[in-house]
2 protein chains.
Amino acid sequence: MSDLLERLLGRGWRMTSQRRVVAEVLSGDHIHLTADEVHARAVRRLPEISRSTVYNTLGELVSLGEVAEVSTDGRAKRYDPNARRSHQHLVCSGCGTIRDVHPVGDPLAGLPAEQRFGFTVSDAEITYRGLCPSCA
Amino acid sequence: MSDLLERLLGRGWRMTSQRRVVAEVLSGDHIHLTADEVHARAVRRLPEISRSTVYNTLGELVSLGEVAEVSTDGRAKRYDPNARRSHQHLVCSGCGTIRDVHPVGDPLAGLPAEQRFGFTVSDAEITYRGLCPSCA
DNA sequence: TTGTCTGCAAATGTTTTGCATTTAC
DNA sequence: GTAAATGCAAAACATTTGCAGACAA
């Protein structure tokens, strides 16, 4: 069973066939699907599943903190099931492929106090850009 | 005259009243407007300007590398006129305010070779998140 | 049983496109 | 004069919402 699904069951999340399929589709490493792609894959396993349900479910998973919304730049948001493991993204400027990466060091260290405008800074999101081996 | 407008004229960009107004609206520091906000402000100066022209113009400015698209997370893209000066963003999780910041050090240094998946990494985009003084 | 999830269809918000007209160079 | 920009209206997408019926607990 998928890690995501397992965590959700452990949290007592109300389970339905639709929710299970969405959780299964999202499971794995380097998964960054759009809502529509999630729906397309879900339909293969459960033909009746509706787009609204996929949106509802994704929205709920994001609220629960189990899935992260990633806006790389295209128009549709992408959903990343590895919200629990802190990580950043490496995006290919050629084909758009996304990989999860784990940079070393404290990302907040680069922002000196005088650059913080009085903000309480709690987090940094980094998107590395470059070309993947196939596109280079 | 605005810096942006000046640079565009220097590049021999074909000038029209609509384009001038869009460039003027975008000028300044810490400016991060949506296409719709750009249109609203442009209409004040030039009532006939259409939304399509604003979109066309913004798209062209992005292609020229004079303006950057910033997807903070909401649905509409925001446009940042300071694409030429390398900088990153600090976003308030409360009210959404965006400030431009200039972190110290090489942002690519945090990504070790074994984390690069064979990519040629050329750039890093950082979004710092926190609460601004009013929201804290 | 009961509260909630699901699915449909319609609405909303953002951006793009086709094409006739106007305009900068 | 000519190629390119503009504006309109309509289309294309992405996402949200309202509500009746279905379903998990």
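Worth knowing before you read on, the calculation uses all heavy atoms, side chains too, and leaves out hydrogens, waters and symmetry mates. Predicted model only: the values in this text are computed from it and were never measured. Here is how names work: the chains are called A, B, and so on, in the same order as the sequence lines, proteins then strands, and each is numbered from 1.
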Pick the closest DNA chain C nucleotide for B/Tyr55 and for A/Asn56 by heavy atoms, then say which residue is nearer the 5' end.
A/Asn56
Can we say A/Glu24 and A/Arg41 salt-bridge, meaning some charged N sits less than 4.0 Å from an Asp/Glu carboxylate O?
no
Lys/Arg-Asp/Glu bridge criterion (N-O < 4.0 Å) met for A/Arg51, A/Asp36:
yes
Heavy atoms, side chains only, cut-off 4.5 Å: are [X] and [Y] in contact?
X: B/Asp3; Y: B/Asn82; result: no
X: B/Arg116; Y: B/Leu111; result: yes
X: B/His89; Y: B/Arg99; result: no

Over how many whole Å does the gap from [X] atom [atom1] to [N] atom [atom2] extend?
X: B/Leu46; N: D/dA5; atom1: CG; atom2: P; answer: 17 Å
X: A/Glu69; N: D/dT15; atom1: CD; atom2: C1'; answer: 11 Å
X: A/Glu60; N: C/dT6; atom1: CD; atom2: P; answer: 8 Å
X: B/Arg20; N: D/dT6; atom1: CZ; atom2: C1'; answer: 16 Å
X: B/Glu48; N: D/dA5; atom1: CD; atom2: C1'; answer: 15 Å
X: A/Arg78; N: D/dA14; atom1: CZ; atom2: P; answer: 10 Å

Measuring to OP1 and OP2 of [N], would you say a side-chain N or O of [X] lies under 4.0 angstrom away?
X: B/Arg19; N: D/dA5; answer: yes
X: A/Arg51; N: D/dA14; answer: no
X: A/Thr53; N: C/dG7; answer: yes
X: A/Gln18; N: D/dC23; answer: no

CG (A/Leu108) and OG (A/Ser122) are apart, to the nearest 0.5 Å, by 7.5 Å
Show me the dot-bracket string of DNA chain C, counting Watson-Crick or G-U pairs under 3.5 Å, with | for pairs to another strand and [ ] for crossing ones.
|||||||||||||||||||||||||
What class does the angle between the rings of B/His102 and B/His87 fall in, given that below 30° is parallel, 30 to 60° is tilted and above 60° is perpendicular?
tilted
Check whether any side-chain N or O of B/His32 sits under 3.5 Å from a backbone N or O of B/Arg78 as a donor-acceptor pair, and report yes or no.
no
Donor-acceptor pair, B/Gln88 side chain versus B/Val101 backbone, under 3.5 Å?
no
I want to verify a distance call: between D/dG7, C/dT6, C/dT15, whose nearest atom is closest to the B/Ile49 side chain?
D/dG7
Treating primed atoms plus P, OP1 and OP2 as sugar-phosphate and everything else as base, which nucleotides of nucleotides 18-25 of chain C get B, S or - for protein heavy atoms under 4.0 Å?
-----BBS
